2 protein chains.
Amino acid sequence: MSEIPNEKILTKMEELLNVASDYTRLKILYAIMDEDKSVSTIIEEVGASQSLVSHQLKVLKRANLVATHKEGTKVFYKLADEHVNSLLKVVQQHAEE
Amino acid sequence: MSEIPNEKILTKMEELLNVASDYTRLKILYAIMDEDKSVSTIIEEVGASQSLVSHQLKVLKRANLVATHKEGTKVFYKLADEHVNSLLKVVQQHAEE
DNA sequence: TTGAAATATGAACAAACATTCATATAATTG
DNA sequence: CAATTATATGAATGTTTGTTCATATTTCAA
């Protein structure tokens, strides 16, 4: 029997879904799905402006969907955990049928 | 190797995630997760106004996340398919840790 | 057919948000 | 240091969206 989760959980769920539910951010998440990549690489692969990608990376980071590390002047982003992967897979399956 | 899905798929994914990413709609989805329920029952369990619930049910219906059938003056809503269940489970797991 | 119960719809509004443009900061190299 | 490359930040803006209030529609019973 699945009850409605409490407010705290629901709010967290809402936040995760909200962050994932954007065209540009979805593209970014896929871009860094298999290996971490620098911002400039992400910009290329996603095909959006430098500013937009940077802004959206910040949104993803604030929501803990991605993690970063620095190498010289470059910043590398990767998915924060496996849940993000699972989420994308489930949603993609739904979208593909 | 996971490539970035094409525009059509991404747009569908974005739509599904968008529709799911709302506090009221999440509550509604959970309310009808195990069995279909009438709008009045959903209103009670979700604890939102009649108008709001009705508006959000329409959003869920337009996006094909729920299906309906009528019995007299009552309208019953249920989840449209199993993907919605899986999606909620994955997201809830992420939110609960 | 009048009334009541259940659901849907439309207008209105504030709040949130994606994107762009311009500018700032940080690190590296000559 | 100056110049350049990589990334971040902030303001501005047009659009979308969640919610409320008021009203409409539908179905059934008396």
Side-chain angles (χ1 to χ4, degrees), chain A residues 4 7 10-32 35-78 80, chain B residues 4 7 10-32 35-78 80:
Chain A
I4 302 184
E7 188 185 343
L10 276 179
T11 304
K12 271 196 179 181
M13 293 179 67
E14 190 191 2
E15 196 194 334
L16 169 59
L17 288 164
N18 247 310
V19 170
S21 67
D22 173 78
Y23 193 83
T24 305
R25 288 194 292 266
L26 277 176
K27 275 182 152 178
I28 293 176
L29 291 175
Y30 271 102
I32 62 177
E35 38 170 358
D36 48 349
K37 290 182 183 148
S38 71
V39 176
S40 37
T41 306
I42 297 172
I43 290 170
E44 272 180 40
E45 299 194 358
V46 166
S49 75
Q50 183 272 320
S51 181
L52 178 54
V53 170
S54 186
H55 277 298
Q56 303 299 19
L57 282 172
K58 196 177 190 181
V59 173
L60 292 170
K61 182 111 188 261
R62 193 189 315 133
N64 293 311
L65 294 204
V66 300
T68 63
H69 78 275
K70 254 191 178 172
E71 284 183 24
T73 124
K74 299 201 170 181
V75 180
F76 287 80
Y77 283 76
K78 64 170 179 178
Chain B
I4 302 185
E7 190 185 341
L10 275 179
T11 304
K12 272 197 178 182
M13 293 179 67
E14 190 190 3
E15 198 195 332
L16 170 59
L17 288 164
N18 247 311
V19 170
S21 69
D22 171 77
Y23 193 82
T24 306
R25 290 194 291 268
L26 277 176
K27 274 182 154 181
I28 292 176
L29 292 175
Y30 271 102
I32 62 178
E35 38 171 359
D36 48 348
K37 289 181 184 149
S38 70
V39 176
S40 36
T41 306
I42 297 172
I43 291 170
E44 273 181 39
E45 298 192 0
V46 167
S49 76
Q50 184 272 320
S51 181
L52 178 53
V53 170
S54 186
H55 276 300
Q56 302 300 19
L57 281 171
K58 196 176 189 179
V59 174
L60 292 170
K61 181 111 189 261
R62 193 188 316 131
N64 293 312
L65 293 204
V66 301
T68 63
H69 78 275
K70 255 189 179 174
E71 283 183 26
T73 122
K74 298 200 169 178
V75 181
F76 287 79
Y77 283 76
K78 66 170 180 179

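The structure presented is a predicted model; accordingly, all values stated were derived computationally and were not measured. Every chain is numbered from 1, with letters handed out A, B, ... down the list of sequences.
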Do any N or O atoms from the side chain of [X] and from the backbone of [Y] form a donor-acceptor pair under 3.5 angstrom?
X       : Y       : answer
A:Lys61 : A:Thr68 : no
B:Arg25 : B:Leu60 : no
A:Ser54 : A:Gln50 : no

Is the distance from OP1 or OP2 of [N] to the nearest side-chain N or O of [X] less than 4.0 Å?
X       : N      : answer
A:Lys74 : D:dT5  : no
A:Ser40 : D:dT5  : no
B:Tyr77 : C:dA8  : yes
A:Ser49 : C:dC21 : no
A:Ser38 : D:dA6  : no

> Reading nucleotides 23-30 of chain C 5' to 3', which nucleotides get B (base under 4.0 Å from a protein heavy atom), which S (sugar-phosphate only), which -?
Replying inline: ----SS--
> Is any side-chain heavy atom of B:Val46 less than 4.5 Å from a side-chain heavy atom of B:Gln56?
Replying inline: no
> Would you say A:Ile4 and B:Leu26 make side-chain contact, with heavy atoms under 4.5 Å?
Replying inline: no
Starting at [atom1] of [X] and ending at [atom2] of [N], how long is that distance when rounded to a whole Å?
X       : N      : atom1 : atom2 : result
B:Ile43 : D:dT20 : CD1   : C1'   : 14 Å
B:Glu44 : C:dT7  : CD    : C1'   : 15 Å
A:Lys61 : D:dA8  : NZ    : C1'   : 11 Å
B:Leu17 : C:dC17 : CG    : P     : 15 Å
A:Lys58 : C:dC17 : NZ    : P     : 15 Å
B:Asp22 : D:dG18 : CG    : P     : 5 Å
A:Leu52 : D:dT7  : CG    : C1'   : 14 Å
B:His69 : C:dT7  : NE2   : C1'   : 15 Å

> Using a cut-off of 4.0 Å on non-hydrogen atoms, how would the nucleic acid contact of A:Ser51 be classed: base, sugar-phosphate, or nothing?
Replying inline: base
> Among D:dT19, C:dA8, D:dT7, which is the nearest nucleotide to the side chain of B:Ser54?
Replying inline: C:dA8
> Going by 5.5 Å between centroids and 30° between planes, is there a stack of A:His55 over D:dT9?
Replying inline: yes
> Which heavy-atom pair separates A:Ala63 from A:Val19 by the least distance, and what is that distance?
Replying inline: CB-CG2, 3.7 Å
> Have A:Ser38 and A:Ser40 got a donor and an acceptor in their side chains that come within less than 3.5 Å?
Replying inline: yes
